[in-house]
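Here's the structure we're looking at; comments come further down.
Proteins come first, then strands; the chains are lettered A, B, ... in the order of their sequence lines, and each starts at number 1.
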Amino acid sequence: MFHLEIETRLRAAVSAVAPSADLATVQVRPAAEARFGDFQSNSLMAVAKALRLNPRQLATDVLARLDIADLCEPVEIAGPGFLNFRLLPGALARLLEQALGGSHLFFRPAASPRSVVIDFSSPNVAKPMHVGHIRSTGIGDALQRIWRLLGHRVVSDNHIGDWGTQFGKLLVGWKTLLDRDALGRDPIAEMERLYKEVNARCDADPATLDRARRELVQLQSGDAENLGIWKEMIRLSQVQFDTLYGRLGARFDVTLGESFYNAELPGVVESLVAAGVARESEGAVAVFSDHTLPPKEDPLLVSKDGEWVDIPALIRKSDGGFNYMTTDLATIAYRLRTWSPDEILYVVDDRQSGHFRGLFHVFSRWRPDDFRKAQLRHIGFGKILGEDGKPFKTRSGDTVKLADLLDEAEERAQKVVAEKRPDLTPDEQKEIARIVGFGAV
RNA sequence: GCGCCCGUAGCUCAGUUGGAUAGAGCAUCCGCCUUCUAAGCGGACGGUCGUGUGUUCGACUCACACCGGGCGCGCCA
């Protein structure tokens, strides 16, 4: 808190002495060493450099304008222009009294609250949540807590994967291979089995692949039976999601999955074509580079064999189906008109950075006015690697399920607690094991 | 081939946007328990900041090149 207050006053003084200085570069931070005082600022040297002034003279002039006698002892100019601040005991006492009254010591609420949509977690229906989901979920939930604490308005949205080509195969599996008992015992495992089984058959048998395509078309055209199965798969999956989010303590304001935007997709494509942004290509509809950006920065170009070639964003496949680019465009439009956010954050792993660059670029060409109103930002992160530096997998090569990971963490912690604190009741041990285990994860 | 991310102590990572002697946790070693959580406390040990050039009064930080790891590049998401 003190460094923010000192910083505010220092900026005012710098502004009075050097109106053209970039105040964002004027910063105060805790002193590197006690002999330099409590807080220090190295910024005047940078300001002096930018404005071609003598740093010590600038420091002297700034200090003459700095009103800080109620907080600090007389400020010291050290070396080429470091400022060293020493707090007055009385100022510290006043702050601690405020803290006793409930005010926070380490941050100030945002002066102008922003509105932000945070998109994170986004697991797929009919598949087990795996170890990778913990990062998007943890980072996204941490971000929403921080934004809220600072006084911003947050909408957290779980954009679940509840639509797409995988449902063709799942429907074939559900209709021909479903084991009802297994589904009752562990619905996610059974649905995963169905998908893997049908997927394997599709590789070997064109007829099965064709059947999957037909089931998908049926679903997309509103067939009652397929819609019913699809909804049941979502319901069973949501039970899994809710269980895991409950364990992790993550919350969402809304869960608007991909399917929520289905009805808007044809209109999105028409609109993009009408605006001259998209055009037909090899039976599909795609957005090509408009060559307004340098090739290296253009997400719709890629270098192949020394030449820049198009890598268009597909918004409708040649079979009439839509791509997730289209869904994501519809999603941005919906969020902007529904919540009018200042920012939309996508907490998604770095492998999708290319997709988001393309998405934001295409949206800027589709809705330039809306694009200027909101910042679209991809919050990327790496994947979890094993001890060998390779992506973290089980011994048999499968992805590690999030539920299994959490179970194991609790079990291992439980063993330690039971050994060290046999005097506690089983319930107390279990609760400590949960906290310690998840903390370790 | 082109592009993105990463490389700091044995391990996992910070390093506040170019500043003063590069930090923390864990691990290791030493010292603390007549018990309010020893799942703790104090101390020590530990670094060519991947490598090399360059820019600068000053580089972990910026630029370029290389080495090593991860990832992405038209009808999956």
### Query
If pairing requires Watson-Crick or G-U wobble contacts with both distances under 3.5 Å, which nucleotide is the partner of C26(B)?
G10(B)

### Task
For nucleotides C67(B) and C29(B), find the distance between their C1' atoms and express it as a whole number of Å.
36 Å

### Message
Check whether Phe438(A) forms a cation-pi arrangement with Arg247(A) (NZ or CZ under 6.0 Å from the six-membered ring centre, at most 45° off the ring normal).
### Response
no

#### Entry: First encountered from the 5' end of RNA chain B, between Ala284(A) and Val28(A)
Val28(A)

### Task
Name the closest nucleotide to the Phe288(A) side chain, picking from G74(B), C75(B), G19(B).
G74(B)

### Query
With sugar-phosphate meaning primed atoms plus P, OP1 and OP2, does Thr165(A) contact a base, only sugar-phosphate, or nothing at under 4.0 Å between heavy atoms?
sugar-phosphate

### Query
Hey, which of these two, Ala46(A) or Trp163(A), hits RNA chain B nearer its 5' end, going by closest nucleotide?
Ala46(A)

### Face-to-face stacking of Phe82(A) with A20(B), centres under 5.5 angstrom, angle under 30°
yes

Write down the protein N/O and nucleotide N/O pairs, taken from nucleotides 1-7 of chain B, whose separation is under 3.5 Å; answer none if there are no such pairs.
unit_1: G1(B); atom_1: N2; unit_2: Ser303(A); atom_2: O; d: 3.3

### Message
With a 4.0 Å cutoff (strictly under), does any side-chain N or O of Lys317(A) reach OP1 or OP2 of C76(B)?
### Response
yes

### Task
Would you mind telling me which of Gln218(A), Lys175(A), Lys231(A) makes a side chain to side chain donor-acceptor pair (under 3.5 Å) with Asn226(A)?
Lys175(A)

### Query
Please give, in whole Å, the distance from C57(B) P to Leu44(A) CG?
19 Å

### Task
Could you please name the partner base of C32(B), counting Watson-Crick and G-U wobble pairs only when both distances are under 3.5 Å?
G40(B)

### Query
For G74(B), does the O4'-C1'-N9-C4 (purine) or O4'-C1'-N1-C2 (pyrimidine) torsion place it in syn, i.e. within 90° of 0, or in anti?
syn

### Atom-pair distance (CD on Gln429(A); P on A39(B)), nearest Å
13 Å

### Query
Can a salt bridge be assigned to the pair Glu215(A) and Lys169(A) using a cut-off of 4.0 Å between side-chain N and carboxylate O?
no

### Query
With a 3.5 Å cut-off and no angle check, do the side chains of Tyr261(A) and Thr326(A) form a donor-acceptor pair?
no

### Query
Atom CD of Gln220(A) to atom P of C76(B): distance rounded to whole Å?
12 Å

### Message
Say we look at C57(B) and A20(B): how far apart would their C1' atoms be, to the nearest angstrom?
### Response
13 Å

### Message
Rounded to whole Å, how long is the line connecting atom CZ of Arg135(A) with atom C1' of G70(B)?
### Response
12 Å

### Task
For U21(B) versus U17(B), give the span between their C1' atoms, rounded off to a whole number of Å.
22 Å

### Side chain proximity check, Leu329(A) to Leu359(A), heavy atoms < 4.5 angstrom
yes

### Query
So what does Gln166(A) touch, heavy atoms closer than 4.0 Å: a base, only the sugar-phosphate, or nothing?
nothing

### Query
If you measure from the C1' atom in A9(B) to the same atom in U28(B), how many Å do you get, rounded?
12 Å

### Task
Nearest whole angstrom, please: distance from the C1' of U37(B) to the CD1 of Ile432(A).
8 Å

### Query
Which part of the nucleic acid, if any, lies within contact of Phe322(A), taking any heavy atom under 4.0 Å across all strands shown: a base, the sugar-phosphate backbone alone, or nothing?
sugar-phosphate

### Summary
In terms of heavy-atom contacts, Glu5(A) and Leu71(A) come closest through CG-CD1, 3.6 Å

### Query
Can Arg148(A) and Asp253(A) be counted as an ion pair, charged N to O under 4.0 angstrom?
yes

### Message
Between A59(B) and A14(B), how many Å separate the two P atoms, rounded to a whole number?
### Response
24 Å

### Query
What integer number of Å spans the P atoms of G50(B) and G3(B)?
22 Å

### Task
Spell out yes or no: do the side chain of Asp328(A) and the base of A77(B) have one donor N/O and one acceptor N/O closer than 3.5 Å?
no

### Summary
Taken to the nearest whole Å, CD1/Ile77(A) to C1'/A20(B) is 16 Å

## Note on the structure
Checking N1-N3 plus N6-O4 or O6-N4 for Watson-Crick, or N1-O2 and O6-N3 for wobble, each under 3.5 Å, the partner of C66(B) is G50(B)

### Message
Pairing check on G1(B): which nucleotide meets the Watson-Crick or G-U wobble criteria with it, both distances under 3.5 Å?
### Response
C73(B)

#### Entry: C2(B) versus G58(B) - spacing of their P atoms, nearest Å
35 Å

### Query
Of the nucleotides A20(B), G74(B), A77(B), which one has an atom closest to the side chain of Pro312(A)?
G74(B)

### Message
Using a heavy-atom cut-off of 4.0 Å across all strands, would you classify Ile311(A) as base, sugar-phosphate, or nothing?
### Response
sugar-phosphate

### Task
Taking only Lys NZ, Arg NE, NH1 and NH2, and the carboxylate oxygens of Asp or Glu, determine whether Asp119(A) and Arg335(A) approach each other closer than 4.0 Å.
yes

### Query
Taking the side chain of Arg351(A) as heavy atoms from C-beta outward, which of G72(B), A77(B), G74(B) is closest to it?
G72(B)

### Task
Rounded to whole angstrom, note down the C1' distance from G23(B) over to C49(B).
12 Å

### Task
Step by step, work out the ring pair (Phe, Tyr, Trp, His ring centres under 6.0 Å) result for Phe120(A) and Tyr346(A).
CA-CA 6 Å; Phe120(A) 64 97; Tyr346(A) 294 85; over 10 Å; no

### Residue matched to G18(B) through Watson-Crick or wobble contacts both under 3.5 angstrom
none

### Query
Whole Å only: how far is the CD atom of Glu428(A) from the P atom of A39(B)?
16 Å

### Query
Is there a side-chain contact between Trp163(A) and Trp230(A) (heavy atoms, below 4.5 Å)?
yes

### Task
May I have the distance from Leu301(A) (atom CG) to G74(B) (atom C1'), rounded to whole angstrom?
13 Å

